[in-house]
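Below: one structure, written as structure tokens.
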Amino acid sequence: MSTPTPQQGNTHDLVIRGGTVATATETLQADVGITGGKVAALGKDLSGKRVIDAAGKLVLPGGIDSHVHIEQLSSFGIPCADDFYSGTVSAAFGGTTTIMPFCAQHREDALDKVLASYSASAKAKAVIDYGFHLIIANPNDKTLDTDLPAAIGQGIRSFKIFMTYDRMRLSDEQILDVMSVARRDGALLMVHAENHGIISWLAGKMVKQGNVAPRYHAICHTRSSEAEAINRIITLAEVVDCPILIVHVSTVEGIETIRQAQARGVKVFAETCPQYLFLTAKDIDRPGVLGAAFCCSPPPRDEAAQEACWQGLKDGTLTVYSSDHAPYKMDASGKLPNGDKTTFKEMANGVPGIELRLPLLFTFGYKAGRISINEFVALTSARHAQTYGLYPQKGTIAVGSDADIAIWDPEKKVTVSKDLVHDNTGYTPYEGRELTGWPVTVLSRGDVIVEGGKLAAERGRGRFLPRAASEPLRPLGRQIPEMAQLSAWNTPLKP
Ligand code: URP
Ligand code: ZN
Ligand code: ZN
């Protein structure tokens, strides 16, 4: 963002006038001139065909949510409540203008077909821009040799693997295979890091003794299961020199393990989510099956873990703050396939959060004085763009960037309720929370898509975002010495 200079006579398509503009690095009083969907000028007294008065408002880059599940089947085949229309509409109302959902391969699926199907659906329905990650559940020869390189070539430069869930998890050998492709072709490996053995052994014992209520979900997903898996995935990444990003980190121990790896120079990035800042395991402990609404993996923990997550976001150990929006209704179509007899093992994992991710952090982070407005922008937008290869097209307000902008009323009071949010889940884990600050006007590529509490966006206007190889994807060039014994290992990273 450059220092504003007086500019008169320049007529833009749209001017946002008189607001306080903040990016991840700067805050200043400036008008924002928008032409052709891009930020064309930052200055004083800009003129435009349309002018939005932003006096007293904060003008921020639209949020980027780099971890959302939309129109996806859970590992048990349970469908998400949101499609690409409802999911992106909900995102837009919460000030998010770019999402990065998963194209999820299940064991029996061909990856190229999975990608084609998600692409067609998003193209027809999304109201904001989107990039894709892949989920790899079957790293067979076709996946590794053909489909993954092809997807990376199309600008899908990140894929997630699971260390747990019977129907999704990969063995260490399979993980090394996927890491090798990611490293060679320039993609970021995202990891769901939990020790499968600990969780499934404990869960089996719990169910046998009749402990089936939702709260046993949190008990079985021990803190140690996250810490062990994080330590193991970092060890595997160091064997083959593959940058990784550990998603939805929730524990003191996991964060400390990541901090230590980063201190010795390993390229390990990490993410946390609203549920680990604003919920605890006590939320799951409710009568009957009500706690299912709060069951996600890993589960919310305790106050000490919440503090560790805040600290990790402050000191950069945790790179990004995403929603992990995983919307399942509290009925037989979603969380409760067997009604009130559903055991914690049968409940779809995940909580909704695509719309409230930013407002929650605005209130309890920025307004509470825990983070600055620039840190707010970094955590909700800029770092996502930088990590996943979208910067500076997205993630900032600078001349040449897409005009993806959320105008925040920093004093607007909002009480969270299920009727406030626009996703299809039918509940929110944050019911009753009092928020201060709300994104009252939202722009995507210069189009005003939310204004006065109303949507003004056409279904299908969102565009796919192919991504370039970003710095986080570049290997360190220091795999363990034993790797030198493998022929054809150091194949250079494709440009
Ligand atoms: O519980 C969660 N997080 N469900 C969504 C799928 C995943 O593991 O990210
Ligand atoms: Zn996960
Ligand atoms: Zn997820």
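Start at 1 with the first residue, then count along the sequence. Computed over heavy atoms, backbone and side chain alike; hydrogens, waters and symmetry mates excluded.
- Of the possible donor and acceptor atoms, none in the side chain of Arg467 sits under 3.5 Å from a partner among the backbone N and O of Ile156.
- Listed by chain and residue number, Asp129 satisfy the salt bridge (charged side-chain N to carboxylate O under 4.0 Å, His left out) test with Arg445 (two or more places apart in sequence, or in another chain).
- In this structure a side-chain-to-backbone donor-acceptor pair under 3.5 Å is present from Ser119 to Leu115.
- Within the 3.5 Å criterion, the main-chain N or O of Leu390 finds no donor-acceptor partner in the side chain of Gln393.
- Taking the charged nitrogens against the carboxylate oxygens, Glu238 and Arg264 do have a contact shorter than 4.0 Å, which makes a salt bridge.
- Atom-to-atom distance recorded for His106:NE2 and Ser75:OG is 7.5 Å, nearest 0.5 angstrom.
- Distance alone, capped at 3.5 Å, is enough to place a donor-acceptor pair between the Arg286 side chain and the Asp283 backbone.
- Using modelled atom types, no side-chain atom of Glu355 and backbone atom of Ala91 make a donor-acceptor pair closer than 3.5 Å.
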For the pair Asn195 and Met163, evaluate side-chain contact (heavy atoms from CB on, under 4.5 Å) and give the outcome as yes or no after the intermediate values.
-> CA-CA 7 Å; Asn195 177 299; Met163 299 173 82; over 6 Å; no
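- Classified by interplanar angle (parallel below 30°, tilted 30° to 60°, perpendicular above 60°), the ring pair Tyr216/Phe344 is tilted.
- For the pair Leu318 and Cys309, the tightest heavy-atom approach, listed with the atom from each and the gap, is CD1-O, 3.5 Å.
- A salt bridge is absent between Glu458 and Arg461: the closest approach of a Lys/Arg side-chain nitrogen to an acidic carboxylate oxygen does not fall below 4.0 angstrom.
- For Glu71 (side chain) and Ser121 (main-chain N/O), no donor-acceptor pair under 3.5 Å exists by modelled atom type.
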Go through the steps for Leu473 and Arg157 under the test side-chain contact (heavy atoms from CB on, under 4.5 Å), then give the verdict.
-> CA-CA 9 Å; Leu473 309 182; Arg157 290 191 174 268; 4.0 Å; yes
Could you go step by step and tell me if Lys142 and Asp112 meet the salt bridge (Lys or Arg N to Asp or Glu O under 4.0 Å) rule?
-> CA-CA 9 Å; Lys142 178 171 164 354; Asp112 54 343; 3.1 Å; yes
Check step by step if side-chain hydrogen bond (donor to acceptor under 3.5 Å, both in side chains) holds for Gln260 and Thr257.
-> CA-CA 5 Å; Gln260 286 168 15; Thr257 305; 5.7 Å; no
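- Ring geometry, Tyr118 versus Phe84: the interplanar angle exceeds 60°, so the pair is classed perpendicular (tilted spans 30 to 60°).
- Side-chain contact check for Tyr165 and Asn349: at least one donor-acceptor pair (N or O, by modelled atom type) lies under 3.5 Å.
- Under the 3.5 Å distance criterion, with hydrogens and angles disregarded, a donor-acceptor pair is assigned to the side chains of Asn140 and Thr143.
- Remark: the backbone N or O of Asn138 is paired with a side-chain donor or acceptor of Gln105 at under 3.5 angstrom.
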Please report the C-alpha distance between Leu443 and Thr97 in whole Å, then the side-chain angles of each, then the deciding distance to 0.1 Å, and finally whether the side-chain contact (heavy atoms from CB on, under 4.5 Å) criterion is met.
-> CA-CA 8 Å; Leu443 282 73; Thr97 50; over 6 Å; no
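- A donor-acceptor pair under 3.5 Å is absent between the side-chain atoms of His384 and the main chain of Asp65, judged by distance alone.
- For the residue pair His196 / Glu194, no side-chain donor-acceptor distance below 3.5 Å is found, with atom types taken as modelled.
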List the steps, then state whether side-chain contact (heavy atoms from CB on, under 4.5 Å) holds for Lys335 with Lys329.
-> CA-CA 6 Å; Lys335 291 262 185 192; Lys329 289 180 192 278; over 6 Å; no
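- In this structure, Arg169 is not positioned above the aromatic face of Phe162 in the sense of NZ or CZ being under 6.0 Å from the six-membered ring centre and within 45° of the axis.
- Formation of a donor-acceptor pair under 3.5 Å by the Asp82 side chain with backbone atoms of Asn424 is found in this model.
- Closest approach of Pro439 to Pro359, counting heavy atoms only: CD-CG, 4.3 Å.
- Annotation for Ala24 and Val377: closest pair N-CG1, 3.5 Å, computed over non-hydrogen atoms.
- Asp241 has no carboxylate O lying under 4.0 Å from a charged side-chain N of Lys267, or vice versa, which leaves the two without a salt bridge.
- In terms of heavy-atom proximity, Ile136 sits nearest to Leu148 at CD1-CD2, 3.7 Å.
- Side-chain rings of Phe159 and His133 stay apart, their centers remaining 6.0 Å or farther from each other.
- Both tests hold for Lys160 against Phe102: distance to the six-membered ring centre under 6.0 Å, angle to the ring axis within 45°.
- When all heavy atoms of Gly131 and Pro101 are compared, the closest pair comes out as O-CD, 3.0 Å.
- Partners of Asp402 under the salt bridge (charged side-chain N to carboxylate O under 4.0 Å, His left out) rule, at least two apart in sequence or in another chain, are Lys38, Lys394.
- Using the six-membered ring where Trp is involved, His67 and His69 have ring planes that are perpendicular, over 60° apart on the 30 and 60° scheme.
- Looking only at distances, no side-chain donor or acceptor of His217 sits under 3.5 Å from a matching main-chain atom of Pro299.
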